[in-house]
> 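First the structure, then my questions, so here it is.
All of these numbers come straight from a predicted model, not from anything done at the bench.
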Amino acid sequence: MSEKVRVRFAPSPTGPLHIGGVRTALFNYLFAKKHQGSFVLRIEDTDQTRYVPGAEDYIQEALDWLHITPDEGPTKDGGFGPYRQSDRKELYQKYVQQLIDAKHAYYAFDSAESLESLRNEAASNGGAFSYDAKTRDALDNSLRLSEEETQQRIASGAPYVVRFKTPANELLSFSDIIRGAMEVDTATLDDKVLFKSDGMPTYHMANIVDDHLMEITHVIRGEEWLPSLPLHMLLYRAFQWEAPHFAHLPLIMKPVGKGKLSKRDGEKLGFPVFPLEWKGADGTIASGYREDGYLPEAVVNMLALLGWNPGSEQELFTLEELVEAFDLQRVNKSGAKFDPEKTKWFQHHYLQQMDEGLLTAQFQAFLQKEKGITYEKELHTIVSLLKERATFVEDLWEQGHFFFEAPTAYDEKALKKAWKEDTAGILKNVIGTIMSANPFTAAALSDAIKGWIVANEIGFGKVMMPLRLSLVGAMKGPDVFEILSLLGKEESIQRIQRFIDSQS
């Protein structure tokens, strides 16, 4: 690719960032890095009525957590700023005027009430009103007013918007990297508002101007913007600017049923749809992948395969491997069904790959914060024994809580199977063997107890089942001799004796 690649992720700060938006950011990042280009973050806050305090910081924090940090943005100037549209509003008036002067746009003074009346009238006749080439010449705008009348209205403070003058009855041809060649009859398009009465540009106007001024070469965005593409292509032509390459990503679909993934799906089925937890102004809390214990590597890997196919059977990718393999030509046109269980599969894999020192530190923090337990002795060994069956850090507690607290009850089904008339005597002999074990290691304990079992010709199940039940409270956990060595001689003997006493 000969041109210097520049892509942008341009979210609106209207609340938490949906994972569909995160995937858009990820695909932009991967494409930029694949071609040694720049990944730009631009905050599109032209709609001030929907602005939510804290949303911009949330977006930046989410991207940082996922290690897809922008090369340029509000916190990192790359020479193309400002990177917030609200800080760029003085720029747009010039370009709006350029379109008006070239007869590609016009002033419209229609009131909201008059437009609503036209919509209602059309609806009553079984149709729909559209402000377009067929209707605009009869409406309250500068196309039918003289230049003098138009300027008088503006000077008097009459509210107005600026609309794009869509060409009539033209077959517009353009292409998309993912979807290929397309054609649209301009007779089906309306005259979109480019500049609002509050002095701010609409998304369409600001988007085109900013992409041009920031020298964006590729616009990679969600499928929901595909209907806007004809207008955007017409705007580029009206300005006589070269349009960037466009790629519209498929929707992320619900796990069950039809339609795109929503916050409600996550609430209903019990999984996050946001990268980070979000606390609403009304006190509601929406869960996030980070706070639910997911690793950023798992989230990135999961999102990368939602709508993109590497062309092989490979499913596990580091971020660096994704950069190397990513190709927009391999992005699907159809929607990608979200699979919460597959996300957990990725999480399990990356937890297993995690540095054990770091995993141990995280588990230690969990014990302190959630359980009020300060535990340092042999914690690394406990983690190494438990992690194979863990998907999240908190699973280490579920798998091995017995290392930190003695059982107060015993699994009834296992108890019926394990406790026989001679079990108390057998366990008392095991206590004696444990007391004399030296050194008190898993290997020495295994040799001593197994040696005693063989010497006394006792079935292994008659000893090992009640022994495990006494230590754990259930028939689960790692090697029983590892459990004994980690609990220590005194604690092990106390637990076995307590079990014997509970059945007397």
> Please tabulate, for the side chains in residues 257-264, all donor-acceptor contacts under 3.5 angstrom to protein atoms that are two or more places apart in sequence or on a different chain.
| from | atom 1 | to | atom 2 | distance (Å) |
| --- | --- | --- | --- | --- |
| Ser262 | OG | Arg264 | N | 3.4 |
| Ser262 | OG | Asp265 | N | 3.4 |
| Ser262 | OG | Asp265 | OD2 | 3.0 |

> Please state whether the rings of Phe404 and Trp397 are parallel, tilted or perpendicular, taking 30° and 60° as the class boundaries.
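The rings of Phe404 and Trp397 lie parallel, inter-plane angle below 30°.
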> Does anything in residues 324-341 form a salt bridge (charged side-chain N to carboxylate O under 4.0 Å, His left out)? List the pairs, not counting sequence neighbours.
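Matches after skipping sequence neighbours: Glu341-Lys344.
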> Do Ser38 and Asp71 get their side chains close enough for a donor-acceptor pair, meaning under 3.5 Å?
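There is no such pair between these side chains.
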> Write out all pairs satisfying salt bridge (charged side-chain N to carboxylate O under 4.0 Å, His left out) with one or both partners inside residues 279-288, taking only residues at least two apart or from two chains.
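Sorted pair list comes back empty.
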> Looking at the rings of His35 and Phe31, which for Trp means the six-membered one, are their centres under 6.0 Å apart?
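Ring-ring flag for His35/Phe31: true, centres closer than 6.0 Å.
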> Which heavy atom of Pro244 sits nearest a heavy atom of Val219, and at what distance?
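Heavy-atom minimum between the residues: CG-CG2, 3.7 Å.
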> Any salt bridge between Arg179 and Glu223, counting N to O under 4.0 Å?
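Yes, Arg179 and Glu223 are salt-bridged.
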> Please tell me if the side chains of His18 and Val22 come closer than 4.5 Å, counting only heavy atoms from C-beta onward.
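Contact flag for His18/Val22 side chains = no.
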> Under the ring pair (Phe, Tyr, Trp, His ring centres under 6.0 Å) test, which residues partner Tyr131, sequence neighbours left out?
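Here no residue qualifies.
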> Using a distance-only test with no angle check, is there a side-chain donor-acceptor pair under 3.5 angstrom linking Glu147 and Thr150?
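Side chains of Glu147 and Thr150: no pair found under 3.5 Å.
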> I'd like to know if Glu242 pairs up with Arg237 as an ion pair, taking the criterion as any Lys NZ or Arg NE/NH1/NH2 lying under 4.0 Å from an Asp or Glu carboxylate oxygen.
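So Glu242 does not pair with Arg237 through a salt bridge.
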> In Å, rounded to the nearest 0.5 Å, how long is the span from CG of Leu234 to NE2 of His104?
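The NE2 atom of His104 is 10.0 Å from CG of Leu234, to the nearest 0.5 Å.
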> Restricting to ring pair (Phe, Tyr, Trp, His ring centres under 6.0 Å), what partner residues turn up for Tyr289, sequence neighbours left out?
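Here the qualifying residues are Tyr294.
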> What do you reckon, is CZ of Arg389 surrounded by more than 12 foreign heavy atoms closer than 6.0 Å?
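No, because the 6.0 Å sphere around CZ of Arg389 holds 12 heavy atoms or fewer from other groups.
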> Decide yes or no on side chain to side chain contact (heavy atoms under 4.5 Å, CB included) for Tyr83 and Glu72, but give the supporting numbers first.
CA-CA 8 Å; Tyr83 294 90; Glu72 299 174 28; 2.8 Å; yes
> Which pairs with one or both residues in residues 346-375 pass salt bridge (charged side-chain N to carboxylate O under 4.0 Å, His left out), sequence neighbours excluded?
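Matches after skipping sequence neighbours: Glu356-Lys387.
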> Show your reasoning for whether side chain to side chain contact (heavy atoms under 4.5 Å, CB included) applies to Asn207 and His232.
CA-CA 9 Å; Asn207 178 277; His232 295 174; 4.1 Å; yes
> Is atom CZ of Arg50 surrounded by more than 12 heavy atoms (other residues, nucleotides or ligands) closer than 6.0 Å?
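Counting other residues, nucleotides and ligands, CZ of Arg50 stays at 12 neighbours or fewer.
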> So which heavy atom on His204 is nearest to which on Ser228, and how close?
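Nearest heavy atoms, His204 then Ser228: CE1-OG, 3.4 Å.
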> Enumerate the residue pairs fulfilling salt bridge (charged side-chain N to carboxylate O under 4.0 Å, His left out) with a member in residues 15-27, sequence neighbours excluded, ordered by first and then second residue.
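Residue pairs with at least one partner in residues 15-27: there are none.
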> Does a donor on one side chain and an acceptor on the other come within less than 3.5 Å for Glu56 and Gln60?
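No, because no side-chain N or O of Glu56 sits under 3.5 Å from a partner of the opposite role on Gln60.
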> Hey, are Arg8 and Asp211 close enough for a salt bridge, meaning a charged N less than 4.0 Å from a carboxylate O?
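Salt bridge: yes.
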> Less than 6.0 angstrom separating the ring centers of Trp345 and Tyr350, yes or no?
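Centroid separation for Trp345 and Tyr350: 6.0 Å or greater.
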> Assess whether side chain to side chain contact (heavy atoms under 4.5 Å, CB included) is satisfied between His218 and Phe246, documenting all intermediate values.
CA-CA 6 Å; His218 295 74; Phe246 285 92; over 6 Å; no
> Apply ring pair (Phe, Tyr, Trp, His ring centres under 6.0 Å) to His212 and list each qualifying residue two or more places apart in sequence or on a separate chain.
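Result, ring pair (Phe, Tyr, Trp, His ring centres under 6.0 Å) vs His212: Trp241.
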> Considering non-hydrogen atoms only, spot the tightest contact between Ile68 and Phe39 and give its length.
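Minimum heavy-atom separation between Ile68 and Phe39: O-CE2, 3.2 Å.
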> Starting at OG of Ser175, measure out to CD of Glu183 and round the result to the nearest 0.5 Å.
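Ser175 OG to Glu183 CD: 11.5 Å, rounded to 0.5 Å.
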> Could you please spell out the steps behind the side chain to side chain contact (heavy atoms under 4.5 Å, CB included) verdict for Thr391 and Leu351?
CA-CA 6 Å; Thr391 298; Leu351 189 82; 5.6 Å; no
> If you look only at distance, which donor and acceptor atoms sit under 3.5 Å apart when one is on a side chain in residues 186-195 and the other is two or more places apart or in another chain?
| from | atom 1 | to | atom 2 | distance (Å) |
| --- | --- | --- | --- | --- |
| Thr186 | OG1 | Pro167 | O | 2.7 |
| Thr186 | OG1 | Asn169 | N | 3.3 |
| Thr186 | OG1 | Glu170 | N | 2.8 |
| Thr186 | OG1 | Glu170 | O | 3.3 |
| Thr188 | OG1 | Asp185 | O | 2.6 |
| Asp190 | OD1 | Lys192 | NZ | 2.7 |
| Asp190 | OD2 | Lys192 | NZ | 3.3 |
| Asp191 | OD1 | Arg136 | NH1 | 3.1 |
| Asp191 | OD1 | Thr166 | N | 3.2 |
| Asp191 | OD1 | Thr166 | OG1 | 3.0 |
| Asp191 | OD2 | Tyr106 | OH | 2.7 |
| Asp191 | OD2 | Arg136 | NH1 | 2.9 |

> If you take all heavy atoms of Val331 and Pro250, which pair is closest and at what distance?
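Reported closest heavy-atom pair: CG1-CD, 3.6 Å.
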> Do Arg42 and Glu44 meet the salt-bridge criterion of a basic N to acidic O distance under 4.0 Å?
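Salt bridge between Glu44 and Arg42, a charged N being under 4.0 Å from a carboxylate O: yes.
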> How about CD on Gln314, more than 12 heavy atoms from neighbouring residues, nucleotides or ligands closer than 6.0 Å, or not?
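Result for CD/Gln314: enclosed.
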> Where is the tightest heavy-atom contact between Val7 and Ala32, given as atom of each residue plus distance?
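Looking at all heavy atoms of both residues, the shortest contact is CG2-CB, 3.8 Å.
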> Can you establish whether the number of heavy atoms outside Glu405 located under 6.0 Å from its atom CD is more than 12?
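Yes, the 6.0 Å shell around CD holds more than 12 heavy atoms from other groups.
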> How would you list, by chain and number, every residue that makes a ring pair (Phe, Tyr, Trp, His ring centres under 6.0 Å) with Phe27, sequence neighbours excluded?
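By the ring pair (Phe, Tyr, Trp, His ring centres under 6.0 Å) rule, Phe27 matches Phe326.
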> Hey, can you pull the donor-acceptor pairs under 3.5 Å for the side chains in residues 268-277, sequence neighbours left out?
none

> Any luck finding a side-chain donor-acceptor pair between His248 and Arg221 under 3.5 Å?
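Result is yes, a qualifying pair exists.
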> Can you name the nearest heavy-atom pair linking Phe346 to Leu316, along with the distance?
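Nearest pair, atom of Phe346 first, then Leu316: CD2-CD2, 3.8 Å.
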> Is Arg119 positioned over the aromatic face of Phe129, cation under 6.0 angstrom from the ring centre and no more than 45 degrees off axis?
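Checked: cation-pi criterion not met.
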> Could you tell me whether the side chain of Lys34 reaches within less than 4.5 Å of the side chain of Leu30, counting heavy atoms only?
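When only atoms from C-beta onward are counted, Lys34 and Leu30 do not touch, as no gap falls below 4.5 Å.
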> Does any pair with a residue in residues 43-74 pass ring pair (Phe, Tyr, Trp, His ring centres under 6.0 Å), and if so which ones, sequence neighbours excluded?
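As it turns out, the ring pair (Phe, Tyr, Trp, His ring centres under 6.0 Å) pairs with a partner in residues 43-74, which skip direct neighbours, are Tyr58-Trp278.
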> For atom NZ of Lys254, decide whether the heavy atoms of other residues, nucleotides or ligands shown that lie under 6.0 angstrom number more than 12.
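Counting neighbours around NZ of Lys254, more than 12 heavy atoms of other residues, nucleotides or ligands fall under 6.0 Å, so yes.
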> Is the shortest heavy-atom distance from the side chain of Phe9 to the side chain of Leu17 under 4.5 Å?
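Yes; the side chains approach each other to less than 4.5 Å.
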> Taking CD in Glu121 as the centre, count heavy atoms belonging to other residues, nucleotides or ligands within less than 6.0 Å. Is the count above 12?
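For Glu121, atom CD is not crowded (no more than 12 foreign heavy atoms under 6.0 Å).
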> I'd like to know if Asp132 pairs up with Arg163 as an ion pair, taking the criterion as any Lys NZ or Arg NE/NH1/NH2 lying under 4.0 Å from an Asp or Glu carboxylate oxygen.
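Judged by the 4.0 Å cut-off on N to carboxylate O distance, Asp132 and Arg163 do not form a salt bridge.
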> Pick from Asp210, Thr202, Ile208: which one makes a side chain to side chain contact (heavy atoms under 4.5 Å, CB included) with Tyr92?
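Going through the options one by one, the only one that passes is Asp210.
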> Is a side-chain donor-acceptor pair under 3.5 Å present for Ser114 with Ser117?
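No.
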